[in-house]
Each structure stands twice: as C-alpha cells, then as structure tokens.
Protein chains: 2
Amino acid sequence: MNFIESIEANGKAVDIKKGEHVFVHGDLDRSIYFIKYGLLKAYYTTRDGKEFIKSFLMDSDVIGSLSSAYKGDSCSFSLLCLENTRLIKVPFSIIYDFSKADQSVANDLIVLLLNLSMKKEKREFEFLCLSVEERYRQLENESPIIIEKVTQNDLARYLGVTPVGLSRIKARVTRP
Amino acid sequence: MNFIESIEANGKAVDIKKGEHVFVHGDLDRSIYFIKYGLLKAYYTTRDGKEFIKSFLMDSDVIGSLSSAYKGDSCSFSLLCLENTRLIKVPFSIIYDFSKADQSVANDLIVLLLNLSMKKEKREFEFLCLSVEERYRQLENESPIIIEKVTQNDLARYLGVTPVGLSRIKARVTRP
DNA sequence: GACGGTCATTAACCCAGGTTAAAATCTATG
DNA sequence: CATAGATTTTAACCTGGGTTAATGACCGTC
C-alpha cells in the first residue's frame with residue numbers, strides 16, 4: 001500500500017465550501033490533508049491584522065501544519081478554501097506510525113518530504129535573491145494557473161508586496 | 001543502525017581548511033555531509049556577481065544540495081568553510097537505498113527531513129512577514145553564536161540586506 | 001613596523017515599494 | 001437595474017534600504 005492509498009484508506013473525505021476555513025491560526029489540528037480537488041490558500045496573520053500568504057494549494061497537493069501535526073504545537077497559519085474543495089483528512093500520527101512499520105509508506109513519505117523541502121528551498125531562494133518584479137515574472141511563467149485563478153490582492157500577499165505595489169509592477173511589466 | 005551511525009559507517013571523513021570550498025555552484029556532487037565540527041556557509045551567486053547566503057552550518061548539522069543529491073542536477077549553491085572543518089561525506093544514494101531496506105534508517109531520514117522542512121518554513125515565514133530589522137533582532141535572540149562568529153558582511157547577505165544597510169540597522173537598534 | 005587586504009561605518013543621493021486616499025471597475029444579490 | 005462590496009488602478013507623498021564612495025579600524029605577513 002502506498003502513501004496516497006494509505007491516506008485514502010485511513011482518512012475521511014471532507015467537503016468544504018468556498019470561503020470556509022479548514023483550520024485557523026491557533027487551532028490544534030494534527031491532521032494532514034490530501035486535496036482531491038479545489039483551491040486553497042495557507043496564510044499567516046500578524047497581531048496588527050496583516051495577512052501574508054504562505055502558499056496556494058491545488059489538486060493532489062498535500063497540506064497540513066507540520067508544527068501542529070508533528071510537534072503538537074498550535075497551527076502557525078490558517079487554511080482557507082478559495083473554491084469548493086474536497087479533502088481527505090487523516091491524522092498525521094497514523095501516517096507516521098505506518099511509516100515505521102510499512103517500508104513503502106516510509107519511502108513515499110520520504111519522497112513527499114524531499115519534494116516539500118525542495119519547494120521550500122526554492123521559495124527561500126526567490127525571497128533571498130530575486131526582486132518582487134522578478135518573482136512576479138517567474139510566477140507568470142511557472143504557474144499561470146495561479147495568476148489566473150487568484151485575485152491580485154492575494155497574489156500580492158503571496159509575493160511579499162502590497163496590492164498597490166503589485167498593481168504598479170504589473171503596469172510596468174505588461175505595458176513597457 | 002541509526003542514521004548518523006550509517007553515515008559514519010559508510011562515509012569517509014574529510015578535513016577542509018578555512019577558506020576552502022566543499023563544492024561550488026555548478027558542480028555535480030551527489031553527497032550529503034555530516035558536520036563533525038566547524039563552520040560553513042552555503043551561498044548562492046548571481047551572474048552579476050552578487051552573493052546571497054542560504055544558511056550557516058555548524059556542528060552536527062547535515063548539508064548537501066538536494067537538487068544534486070536527489071534529483072541529479074548540478075548544485076545550485078556553493079559551500080565554503082569559514083573555519084577549519086571536519087565532515088563525514090557519504091553519497092546520498094547509499095542513505096536513500098538503506099532507507100528502503102532498513103526501517104530505522106528510514107525513520108531517522110524522515111525525522112531529518114521533517115526538521116529540515118520546518119526550518120525552511122521558518123525562514124520562509126521570516127522573509128514573508130518580517131522586516132530586515134525584525135529578522136536581525138530575531139537572529140540576535142535565537143542564534144547569538146552566529147552573530148558572534150560570522151562577519152557582518154556575511155550576516156547581511158544572510159538576512160537579505162547589503163552590508164551598508166545592516167550597519168545602519170545595527171546603529172538604529174543598539175543605540176536608540 | 002610598514003603595506004595591502006578585508007571589514008565596518010558614515011554620508012549623499014536615489015529609487016522601489018509602503019501608505020493613504022480617492023477613483024474606477026466588477027460582482028453579487030435584492 | 002440599483003445598491004453595496006470587494007477589487008484594481010492611480011496619484012501624492014514618505015521611507016527604508018540600495019549604491020557609490022570615502023574614511024577608519026583591523027588584521028595578517030613580509
């Protein structure tokens with residue numbers, strides 16, 4: 001049995017409507033979620049009410065708060081559905097325990113974590129080495145679907161600029 | 001046999017002097033390195049000669065280019081010793097193959113990757129949500145050893161500012 | 001102990017993006 | 001279709017940090 005199969009076999013399907021949260025900052029939610037279909041945003045909020053978007057999630061992605069699922073802390077971010085979404089929810093402990101007994105689940109978890117690490121490393125690189133404008137151009141090339149589906153406000157909060165700033169950059173980029 | 005033991009059993013010790021590289025951007029180096037002792041910086045360089053520091057590594061850390069070790073691409077960053085350093089070098093494929101046969105190596109690799117993911121996620125959060133000044137203050141609190149051992153130039157390139165910018169921030173922070 | 005190199009600070013000037021606020025669209029729902 | 005909300009654009013002004021360059025402190029090492 002592989003990773004996705006063991007999620008499907010041990011998890012339960014959850015349908016969540018556009019505009020509703022899966023969990024919010026501060027919750028204790030030790031699950032991970034496999035996204036059957038839909039669109040979500042994972043975002044941080046600061047005390048002074050600002051929002052910063054960690055990632056957008058789509059079909060076949062896996063998401064969960066590692067600090068909550070693995071360490072047992074409360075969630076450091078919130079997870080909101082931008083479209084009607086179907087998830088498979090499963091306690092991380094089940095997967096983690098399975099991985100200790102089942103070699104193929106362990107392998108799949110390793111591959112999942114390797115890919116997660118490389119994805120995070122890529123984003124680290126982009127913040128460290130690229131300007132906002134370069135990050136926007138790169139997103140245009142690599143993830144046109146996100147640009148298409150997500151509001152410009154959310155795009156801005158993902159790229160690390162204000163919506164006003166992104167509007168200016170777009171004006172600069174599209175009409176030279 | 002656990003993870004570190006299997007690295008020590010299958011790897012070979014390498015001593016590298018201060019100022020020398022373990023590998024540079026563009027190399028194909030499919031190893032991972034366990035740091036016995038020393039201090040290193042992992043950094044990106046851009047075509048126009050700018051340097052950006054991905055991370056500092058110290059005793060007991062594990063480092064390697066995932067994109068090279070796992071995917072087989074060439075290294076996207078360089079690894080330089082800031083102090084005389086002793087490493088245990090082992091091909092990632094050995095560890096990865098071991099993890100397929102040995103449950104306890106798999107478990108340790110999973111824990112290593114979980115911690116790596118959480119570390120990268122933390123840095124993503126800092127770039128996304130904090131100002132340079134806040135990142136500097138946080139580093140002061142959480143990793144005073146790094147502030148102490150690393151030049152201010154390197155600190156700046158790690159925090160995502162220029163050395164001149166960091167000098168200004170320091171002046172602001174230390175004497176109100 | 002003088003010389004060349006790196007490192008840190010300071011100053012002057014510049015610019016990308018933040019902030020605030022006001023238009024201009026767009027969308028949804030009664 | 002009209003009204004209320006959210007979204008995007010534009011403008012005016014401000015600020016943090018980039019850039020360049022000069023100055024000084026701090027090493028080595030010959």
Side-chain angles (χ1 to χ4, degrees), chain A residues 17-21 39 41 43-53 56 80-84 126-140 146-176, chain B residues 17-21 39 41 43-53 56 80-84 126-140 146-176:
Chain A
K17 289 211 181 62
K18 176 177 172 167
E20 292 179 353
H21 278 93
L39 179 66
K41 70 173 177 187
Y43 65 98
Y44 298 105
T45 34
T46 58
R47 317 92 229 142
D48 54 323
K50 283 181 188 153
E51 176 183 326
F52 299 93
I53 297 180
F56 297 107
L80 174 73
C81 296
L82 299 178
E83 291 179 5
N84 292 342
E126 289 162 359
F127 276 120
L128 186 61
C129 306
L130 305 182
S131 68
V132 184
E133 181 168 332
E134 289 169 317
R135 296 203 293 271
Y136 175 71
R137 285 173 186 277
Q138 187 152 324
L139 194 67
E140 260 187 330
I146 289 184
I147 303 230
E148 187 188 306
K149 290 197 167 189
V150 162
T151 68
Q152 208 165 296
N153 283 354
D154 277 349
L155 227 47
R157 291 185 272 260
Y158 173 74
L159 291 171
V161 252
T162 57
V164 179
L166 180 55
S167 175
R168 263 189 301 237
I169 288 166
K170 254 188 70 179
R172 228 158 54 205
V173 168
T174 43
R175 20 176 220 275
Chain B
K17 289 212 181 61
K18 176 176 173 169
E20 293 179 353
H21 279 92
L39 178 66
K41 70 173 176 185
Y43 65 97
Y44 297 106
T45 33
T46 59
R47 314 92 229 144
D48 54 323
K50 283 181 187 152
E51 175 183 327
F52 299 92
I53 297 180
F56 297 108
L80 174 74
C81 296
L82 300 178
E83 291 180 3
N84 292 343
E126 289 162 0
F127 277 120
L128 187 60
C129 306
L130 305 182
S131 68
V132 183
E133 181 169 333
E134 288 168 317
R135 296 203 292 272
Y136 175 71
R137 286 174 185 278
Q138 186 151 324
L139 194 68
E140 260 187 330
I146 289 184
I147 302 229
E148 186 189 306
K149 290 197 167 190
V150 161
T151 69
Q152 206 165 297
N153 282 356
D154 277 349
L155 227 48
R157 290 184 271 259
Y158 173 74
L159 291 170
V161 251
T162 58
V164 179
L166 180 56
S167 174
R168 263 189 303 238
I169 287 166
K170 254 189 69 178
R172 231 159 51 206
V173 167
T174 43
R175 23 176 215 272

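What you see is a predicted model, and the numbers here were worked out from it, not measured in a lab.
As a whole-Å value, the separation of Leu155(A) CG from dG17(C) C1' is 16 Å. For the pair Arg172(B) CZ and dT9(C) C1', the interatomic distance rounds to 15 Å; values are reported in whole Å. If you measure from atom CZ of Arg157(B) to atom P of dA8(C), you get 9 Å, rounded to the nearest angstrom. Summarising the geometry, the separation between CG on Leu82(A) and P on dT7(D) is reported as 11 Å, rounded to the nearest angstrom. Between the CD atom of Glu133(A) and the C1' atom of dG18(C) there is a distance of 17 Å, rounded to whole Å. In this entry the distance linking CG of Leu166(A) with P of dT10(D) reads 13 Å, nearest Å. At whole-Å resolution of the value, CD in Glu51(A) and C1' in dA6(D) are 14 Å apart. Counting to the nearest Å, the P atom of dG17(C) and the CZ atom of Phe127(B) are 16 Å from each other.
Here Asn153(A) reaches the OP1 or OP2 of dT8(D): one of its side-chain N or O atoms lies under 4.0 Å away. For Lys170(A) and dG17(C), the shortest distance from a side-chain N or O to OP1 or OP2 is not below 4.0 Å. Checking the phosphate oxygens (OP1, OP2) of dT6(C), no side-chain nitrogen or oxygen of Gln152(B) falls inside 4.0 Å.
Using cut-offs of 30° and 60° on the angle between ring planes, the pair His21(A) and Tyr43(A) is tilted.
Thr162(B) comes within 4.0 angstrom of a base, heavy atoms only. Val164(B) comes within 4.0 angstrom of a nucleotide base, judged by non-hydrogen atoms across all strands. Within 4.0 Å of Ser167(A), counting heavy atoms only, lies at least one base atom of the nucleic acid.
The side-chain contact (heavy atoms from CB on, under 4.5 Å) test with Tyr136(B) singles out one residue from Glu134(B), Glu140(B), Glu133(B), and that residue is Glu140(B).
Here the side chain of Arg135(B) pairs a donor or acceptor atom with the backbone of Leu159(B) at under 3.5 angstrom.
Listed nucleotides dT7(D), dT19(C), dG17(C) differ in distance to Thr151(A); the shortest reach to its side chain belongs to dT7(D).
Proximity of Lys18(B) to Leu39(B): side-chain heavy atoms (C-beta onward) are nowhere separated by under 4.5 Å.
Evaluation of atom-type donor-acceptor distances gives a pair under 3.5 Å for the side chain of Arg168(A) against the base of dG18(C).
Side-chain contact annotation: Thr151(A) with Asn153(A), donor-acceptor N/O pair under 3.5 Å absent.
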